[in-house]
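The structure appears right after this line, and notes come after that.
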Amino acid sequence: MSVDVLTRPLFSVRGLCLSFPDQSRKPLFGAAPRIEVLKGLDLDIPEGRITGIVGESGSGKSTLGRVLVRLLTPDAGQVLLDGKDIAHLDEDALRPLRRDLQMIFQDPMSSLNPRHNVARIITTPMKRYGLGGSHADALAALERVGLGAAFAERYPHELSGGQRQRVGIARAIALKPRFILADEIVSGLDVSSQAQVLSLLKDLARDMGLTVAFISHDLSVIRHLCDDVIVLNLGEILESGSVEQVFDNPQSEVTKTLLDAIPLPELDPDWFD
Amino acid sequence: MTDRPTLDILQLTVTLRGGRKLLRDVSLKVQPGEVRALVGESGAGKSMIGKAVLGILPPNIKPTEGEILLDTHHLNAMTPVTRRRTVSKIASLIPQDPLTALNPVRKIGPQIVDPLIHIHGWSRDKARERARELLDRVQIRNTDRVLQSYPHELSGGMRQRVLIASAFAPSPRLIVADEPTTALDVTVQKQILRLIRELQQETGTAVLFVTHDMGVVAKISQRVSVLFAGRVMEDAATEDVFRNPQHPYTEALIAATPSYSDLNRSFSPVPPALIADLHAKIAAEEAAS
Amino acid sequence: MADTTLTAPRSRNRGLNLRFWLPLFWVVLLILAAVFAPWVAPRDPLAQDLFLERLPPFFMKGTEPGYWLGTDSLGRDVLSRMIYGARIALIVSFTAATLTCIFGSVLGLVAGYFGGWWDTVISRLVDIWMSFPPVLFAVLLVAVMGTGLWSVIAAIVLIDWTRFARVIRAETLVQARMDYVDSARIGGARRISTLVSEILPNVLPSIIALLTLEMGIAVIVEAILSFVNLSISSDDPTWGSMIAEGRGAIYFAWWVLLFPLIALFLTVLSFSQLGEGMKQRFDPVLQ
Amino acid sequence: MFARTLLFRLSTALVTLFGVAVVVFVLVRVAPGNPIAMMLPPGATEEDIARLTALYGFDKSLPEQFVIWLGGVLQGDFGTSITLRQPVDQLVLSRLPATLELSVMALFIALALGGAVAVIGARRRGTGTELGLDLGSAAVLSIPDFLWGLLFVLLFGVLWPVLSISGRIDPRIEFEFATRFYVVEGILRGRFDVVGSTLAHMLMPAMALALPLAAMIAQVLKQNLKEVLRLDYTNLSRVHGFSETAVILRDALQNAALPTLTLVGVQFTFLIGGTVIVERLFAYEGLGNMAIDAVINRDLPLIQGIVLVFAVLFIAINLAVDLSYALLNPRLRNG
């Protein structure tokens, strides 16, 4: 494959705006005032690479992610997938596309149906898209995320946090998608399982040629996992580029402050100064 | 510094109803003016230690063996009432989640001032004066307005500042900080850590700092206890732990903490074989005893 | 690879679950009594015998053999009337509760999941319905429709659907906000199939608990209607009509009130506990 | 924000009330049987019936009747009772105080009993005491007021006759009431024999009504208390040296009571609904007892009036609960 093919954008986002109504300031009659969450974003998600989207709480990073997989509809702007605008497609038109745009959620307990067992969680979407969905398919998907056959009959509450997140990954990759959105997928995990889940995701992305958007508040994790990074702050893009560029030579003050604020696991008597 | 530690925990065992031991033979000291970090993953029992000291364990968890010496007081030998009074005069708490650590239906002012009046016997004026002074010290502008506010009117970072001010207000000898920055953004976390360190250094208060983050341990503490499954794996000066960790689990924990500055070393999971070994060793010990 | 061991062992609750078995025992006993009433009942429940009126139950003096629980003011056998009364009680309770459950749960699911106008209309209807005192509403409905078994059942359905609609709507709202619903959307599910195959299994435990609760309530409503003489008909032996009669003759024959009252207590208590017990026994999440 | 909530609630309350009026109006009109024919002696002629039908306005079309009735209601005219031949509003007002006094007494009993059990359960959480209280309240909760009433009639009226099982006051007491609020008036005028007799008559029906609500309050409030008692602000109070009981009463109770309040509002309307049958059971001269007579006698104007009064009462209670929730919760109070 040539370099051109590799860096072709899967997503091109242009002028993306999104706001939510502020119910706490709604007048008696008429519409509530709106809070702008995304303020006219332009960005590309290159195909076959892992793009980190980073920012503090309130930066709009999760909202942006949910627009990409069209769980949310933007107020204005374009979301071009392979050059086709999907920003305002309705649910019926989106359904065939959804197979390619999968998502792994932050809270694996809430994102796995507590009353379905693991096999059913994995195979239900497969059957919907005619990609098999037999018990053997479930076992194969589990195998890919390093879980044994015994897990197929388990219910989510019988698993540990890291195992639940693996099931979430298995469900997503079972559809052989082109794109996976990973929304803060390790923020609820201990460091030991965090490293495992991240390296699993990295391996799968490489083996399957996936495009990944990895949303996180943790710059250290981004640095290790991602090829490119987009730094968001208050609904605007501060900077973007390859991780080397952004980490070694940050352009914006906010990025520098963010980097400085991370307590690294090393001795540094001057850190507070 | 004197030789007598502010807090001296000896062979503490804490048991869940039904007999499961959540802490086993935990010993550690916190010297005056020292920050002692307690680090471990979820389920390691790190929060239990602080709760056992302060006497706020859930009703189904009880300290069953060992001693807790707070200053000169043998806490486990006291009646609940004297224990409560003793602890409240010497120690205070900076809790984890600023969103649930302030009573939502009461104003900030009384929440800082009431304990000073009721427990420490201060006059209302003196208590108010102290509250203002401390809020000022934690860089809250508009002190009077904040004292008149309800918790929901403040941001998470502001609430954590209020809680720090409240913890330091009665000039305690020991502060238990229970993951005080886990719920905060990194930039706010740094400000809060800085405040705790500054106030601690100014007042010479001993701090028991509970955290899961080796990065935070490196920045804030002088000594550290590494916990695994309710046991102390390593107890050493923070400097030594990061230069030359003695226990393989400590080493693995440091290695598992992502660090953007050192791409070669970090991002390696705690080896499963190590965890299995540790569990096997613990099980063997249990069987032997 | 680590973290692939089965951490939580599958521990099924093997202990004897009294909250499940005791109520089940009573309900099965009732069903057997109702089905085999003609063979089990010692007397004809309608046979009057003025020479044997107000006989006390077996443990007192002055009883007549064979009339275990005594007789009422018309000399009818209390035990036989109770056994036949179980028939009507159970028919009303199963039919009315099932219909109420289906009707109310569907409305609750639709209001909670689809929201919008569906929710506005259904919630407003619930508000209006709940502004009526339920007993008065029931009495009024039966008065309008005329007495009889189907009127009683219809009255119960028309009144108590709000209980299901209200609770299931609230539960559905909670479930609809969970990530697994978004996850189903990501997996290409249609809205209706998300509702049926993702949300419904999570609301089902509440529906079942409400259903068994409603069975108990239906028995009570029937008894209340009998008590004000507006139920099936005054001749048929029902627990409610026995209670009404017992209340009237309370100073002369208190047992006519006591025994059906005990039956009602046990039945209502059993049905309400059965739901909880079933939840603990069959819900995968609680095992 | 507060004014906005108030206005919004008021407007929905009016819509609900209108809905109730429509439903009850339609319901009583489709009832079979001619109420006019029922009230006349058997020998009445067709002409007599027609005359009386016109007098009560039953000869007009349904929408016309509805408009006339609603117009009257808005001016305070609820029509005339067919069986009792008195204005409906007077009849309703003469019975309402009895029902209100009974309901409020039951509410107080439920709050006191349920609150005490909840606090004790929370204080002794994790012990056998809590388990016992849980099982007890689950059992009490599942038994409805009707059965409690019957049980009390049997126990304290017959087998151990310590309380009167019918009426509102001992008929031998001589006292000219200015209002129908016997308890309130008795207290105000210092006639404690009146108060005592009325309360003694109210005790059993009130207990029957109160027990299920008390059990529900005990369960829900205890659950809320336990959740609050896990939060860090109660831990802070403990570290500050307050005793567990002080923490419950000082910190936890108000926060736990807020979510309980909404439930108590809805349940209180159920309790008032329960007075209909419980009053019947104890031959207590309240609104509900009259309502059942009205239905049995097909007294359409009276039924309509009573149902409407109950609806207004229920809606007002829900409104009051919503507003006091907003007042007690600092998040909703300002603005």
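Fair warning: this is a prediction, and the values are worked out from it, not measured in the lab. Below, read A as the first sequence line, B as the second, and so on, with proteins coming before strands; counting in each chain starts at 1.
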*Between Arg124(C) (side chain) and Gly19(D) (backbone), is there a donor-acceptor pair under 3.5 Å?*
no
_Between Ile243(C) and chain D, with a heavy-atom cut-off of 4.5 Å, which part of the residue counts as in contact: side chain, backbone, both or neither?_
side chain
*Sort out for me which of Thr269(D), Ile303(D), Thr275(D), Ile165(D) touches chain C most, counting heavy-atom pairs under 4.5 Å.*
Ile165(D)
*Which atoms form the tightest heavy-atom contact between Pro133(C) and Gly273(D), and what is the distance?*
CB-CA, 3.8 Å
*Residue Phe270(D) versus chain C: region with a heavy atom under 4.5 Å*: side chain
_Results of salt bridge (Lys or Arg N to Asp or Glu O under 4.0 Å) for Asp72(C) - residues two or more places apart only_ = Arg76(C), Arg81(C)
*asked:* For chain C, which candidate among Val24(D), Leu151(D), Ile272(D) shows the most heavy-atom pairs at distances under 4.5 Å?
replied: Leu151(D)
*Report the C-alpha distance between Asp127(C) and Thr12(D) in whole Å, list the side-chain angles of each, state the deciding distance to 0.1 Å, and finish with yes or no for side chain to side chain contact (heavy atoms under 4.5 Å, CB included).*
CA-CA 9 Å; Asp127(C) 278 354; Thr12(D) 50; 5.8 Å; no
*How far does OG of Ser142(D) sit from CG of Leu274(C), to the nearest 0.5 angstrom?*
12.0 Å
_Taking side chain as everything from C-beta outward and backbone as N, CA, C, O, which of these in Leu264(C) sits under 4.5 Å from a heavy atom of chain D? Side chain, backbone, both or neither._
both
*Got Val23(D) and Trp129(C) here, is their nearest side-chain heavy-atom distance under 4.5 Å?*
yes
*asked:* Is Glu276(C) close to chain D through its backbone or its side chain, or both, or neither, when contacts mean heavy atoms under 4.5 Å?
replied: neither
*Hey, which of Ile143(D), Val153(D), Val276(D) has the most heavy atom pairs under 4.5 Å with chain C?*
Ile143(D)
*Report the distance from atom CG of Leu257(C) to atom CG of Leu154(D), rounding to the nearest 0.5 Å.*
5.0 Å
*Examine whether an atom of Phe227(C) lies under 4.5 Å from a heavy atom of chain D, and if so say whether it belongs to the side chain, the backbone or both; otherwise answer neither.*
side chain
*In terms of heavy-atom pairs under 4.5 Å, which option from Val228(C), Leu258(C), Val142(C), Leu136(C) contacts chain D the most?*
Leu136(C)
*Side-chain heavy atoms of Ser131(C) within contact of Thr16(D), under 4.5 Å*: yes
*What distance do Ile220(C) atom CD1 and Asp145(D) atom CG have between them, rounded to the nearest 0.5 Å?*
9.0 Å
*With rounding to the nearest 0.5 Å, note down the distance linking CG in Leu261(C) to CG in Leu147(D).*
6.0 Å
*Using a cut-off of under 4.5 Å on heavy-atom pairs, state which of Ile262(C), Ile217(C), Leu213(C), Val135(C) scores highest against chain D.*
Val135(C)
*What part of Ala244(C) is in contact with chain D, defined as an atom under 4.5 angstrom from a non-hydrogen atom: side chain, backbone, both or neither?*
neither
*Contact summary for Ala138(D) and Gln273(C), nearest pair of heavy atoms*: O-NE2, 3.8 Å
*Hey, are the side chains of Arg280(D) and Ile224(C) touching, using non-hydrogen atoms and a 4.5 Å cut-off?*
no
*Given side chains that start at C-beta, do those of Phe137(C) and Phe310(D) come closer than 4.5 Å, heavy atoms only?*
no
*asked:* Using heavy-atom distances under 4.5 Å, tell me whether Leu125(C) contacts chain D through its side chain, its backbone, both, or neither.
replied: neither
*Could you tell me which of Ile277(D), Val307(D), Ile292(D) has the largest number of non-hydrogen atom pairs under 4.5 Å with chain C?*
Ile277(D)
*asked:* Just to be sure I understand the criterion: a residue of residues 313-320 of chain D counts if one of its heavy atoms is under 4.5 Å from a heavy atom of chain C. Which ones qualify?
replied: Phe314(D), Ile315(D)
_Looking at Leu281(D), is its backbone amide N or carbonyl O close enough to the side chain of Arg247(C) to form a donor-acceptor pair, meaning the two atoms are under 3.5 Å apart?_
yes
